[in-house]
Amino acid sequence: MKQIFTLFILVLCMSCNMDKELQLAELKHSEITDILDVSPAYVFYNTSEKDSVELNKQNLISTTNWLVNVDKRLTLQQAIPVIISLQEKKRKSSHKKEGVKNYFTAFNPEVKNLRFIEFTNVNYHVVETVEDYVKTSEAQPEILTFNLNGAQFQNTDYTVEALVDTLKSKSDQRHAFVLNFEKELSFQAYMHIKDLLLTITNVSVLISTSEFIF
């Protein structure tokens, strides 16, 4: 098992050649700082072939918590199919251990340490549309859309920060939401959104574990 500090140095420095790099997404709000019994995977950014993506999963062990390190410059169109393949690999493993989880690794520049966002139960959808999902969902969630211009909810445009503040102010009545992300968003933008959503403590705000990429 690699210690967290060692992993941090490895993530920042690791590259197989001059074209491959990995820069972690930055975030501020996640409070998960220590995870034991881990194994890492790396999703690289290629500086010479911007449309390519490369996964290094040689060190993954199915009976451990997985730390998935994704370069922040990759788009969701590039990164999410790789994430889906990792999830399927773990779910299908005959050696998986009950209770182990999956986390994205990020960096908090204010305190200069690693932070993590769990995605164990997230189901990513890249074919089915969010509109079709809502039609068949018993919860009938409202759609929160995130694109290159910010966010949209009920035909109104917001900054991501303003939308999160709106969700925080919701009444005690139950509100269900589903997230819909533009595929051209960077992984940094995605992690920023997920990090801000963690600040919502209103228990009446329920966010689906199904996430859509359009």
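All heavy atoms count here, side chains included; hydrogens, waters and symmetry mates do not. This one's a predicted model, so the numbers in the text were calculated from it and none came from an experiment. Throughout, residue positions are numbered sequentially from 1 according to the sequence presented.
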Backbone N or O of [Y] within a donor-acceptor pair of the [X] side chain at under 3.5 Å?
X      : Y      : value
Thr47  : Asp19  : yes
Asn69  : Ala41  : yes
Gln78  : Thr75  : yes
Thr120 : Asn102 : yes
Glu26  : Gln188 : no

Show the nearest heavy-atom pair for residues [X] and [Y], with the distance to one decimal.
X      : Y      : value
Leu74  : Tyr45  : CD2-CD1, 3.9 Å
Asp71  : Leu22  : OD2-CA, 3.1 Å
Thr166 : Ser169 : O-OG, 2.7 Å
Gln140 : Ser137 : NE2-O, 2.8 Å
Pro109 : Leu27  : CD-O, 3.8 Å
Phe44  : Asn56  : CE1-CB, 3.8 Å

Compare all side-chain heavy atoms of [X] with those of [Y] and state whether any distance is below 4.5 angstrom.
X      : Y      : result
Glu54  : Asn46  : no
Trp66  : Lys89  : yes
Leu179 : Ile193 : no
Lys57  : Tyr42  : no
Gln77  : Ile213 : no
Leu76  : Glu184 : no
Val70  : Val82  : no
Leu114 : Leu67  : no

#### Entry: Chi angles and distances behind the side-chain contact (heavy atoms from CB on, under 4.5 Å) call for Met191, Lys72
CA-CA 9 Å; Met191 289 288 278; Lys72 66 181 182 180; over 6 Å; no
Please tell me whether [X] and [Y] have a donor and an acceptor in their side chains that are separated by less than 3.5 angstrom.
X      : Y      : result
Ser39  : Asn59  : no
Ser30  : Lys194 : no
Asp157 : Gln152 : yes

Are [X] and [Y] in one and the same hydrophobic cluster, where Ile, Leu, Val, Met, Phe, Trp and Tyr link if side-chain heavy atoms are under 4.5 Å apart?
X      : Y      : answer
Val100 : Val122 : no
Phe181 : Leu167 : yes
Leu196 : Val203 : no
Ile207 : Ile83  : yes
Phe214 : Phe146 : no

Please report the interatomic distance [atom1]([X]) to [atom2]([Y]), rounded to the nearest 0.5 Å.
X      : Y      : atom1 : atom2 : value
Thr64  : Lys90  : OG1   : NZ    : 6.0 Å
Lys97  : Asn65  : NZ    : CG    : 8.0 Å
Lys170 : Ser204 : NZ    : OG    : 9.5 Å
Ile200 : Asp165 : CD1   : CG    : 9.0 Å
Ile117 : Phe104 : CD1   : CZ    : 8.5 Å
Leu198 : His29  : CG    : NE2   : 8.5 Å

#### Entry: Pairing residues for Phe177 by the ring-ring contact (aromatic ring centres under 6.0 Å, His included) criterion, not counting sequence neighbours
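By the ring-ring contact (aromatic ring centres under 6.0 Å, His included) rule, Phe177 matches Phe153.
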### Query
Who pairs with Tyr133 by ring-ring contact (aromatic ring centres under 6.0 Å, His included), at least two apart in sequence or on another chain?
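Result, ring-ring contact (aromatic ring centres under 6.0 Å, His included) vs Tyr133: Phe212.
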### Task
Would you please name every residue forming a side chain to side chain donor-acceptor pair (under 3.5 Å) with Glu49, sequence neighbours left out?
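Applying side chain to side chain donor-acceptor pair (under 3.5 Å) to Glu49 gives none.
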### Task
Using the side-chain contact (heavy atoms from CB on, under 4.5 Å) rule, take Phe119 and Val68 through it: C-alpha gap first, then chi angles, then the decisive distance, then the call.
CA-CA 10 Å; Phe119 69 98; Val68 180; 3.7 Å; yes
### Working for side-chain contact (heavy atoms from CB on, under 4.5 Å), residues Glu161 and His192
CA-CA 10 Å; Glu161 292 76 9; His192 174 64; 2.9 Å; yes
### Task
Could you please spell out the steps behind the side-chain contact (heavy atoms from CB on, under 4.5 Å) verdict for Leu185 and Tyr190?
CA-CA 7 Å; Leu185 282 174; Tyr190 172 76; 5.6 Å; no
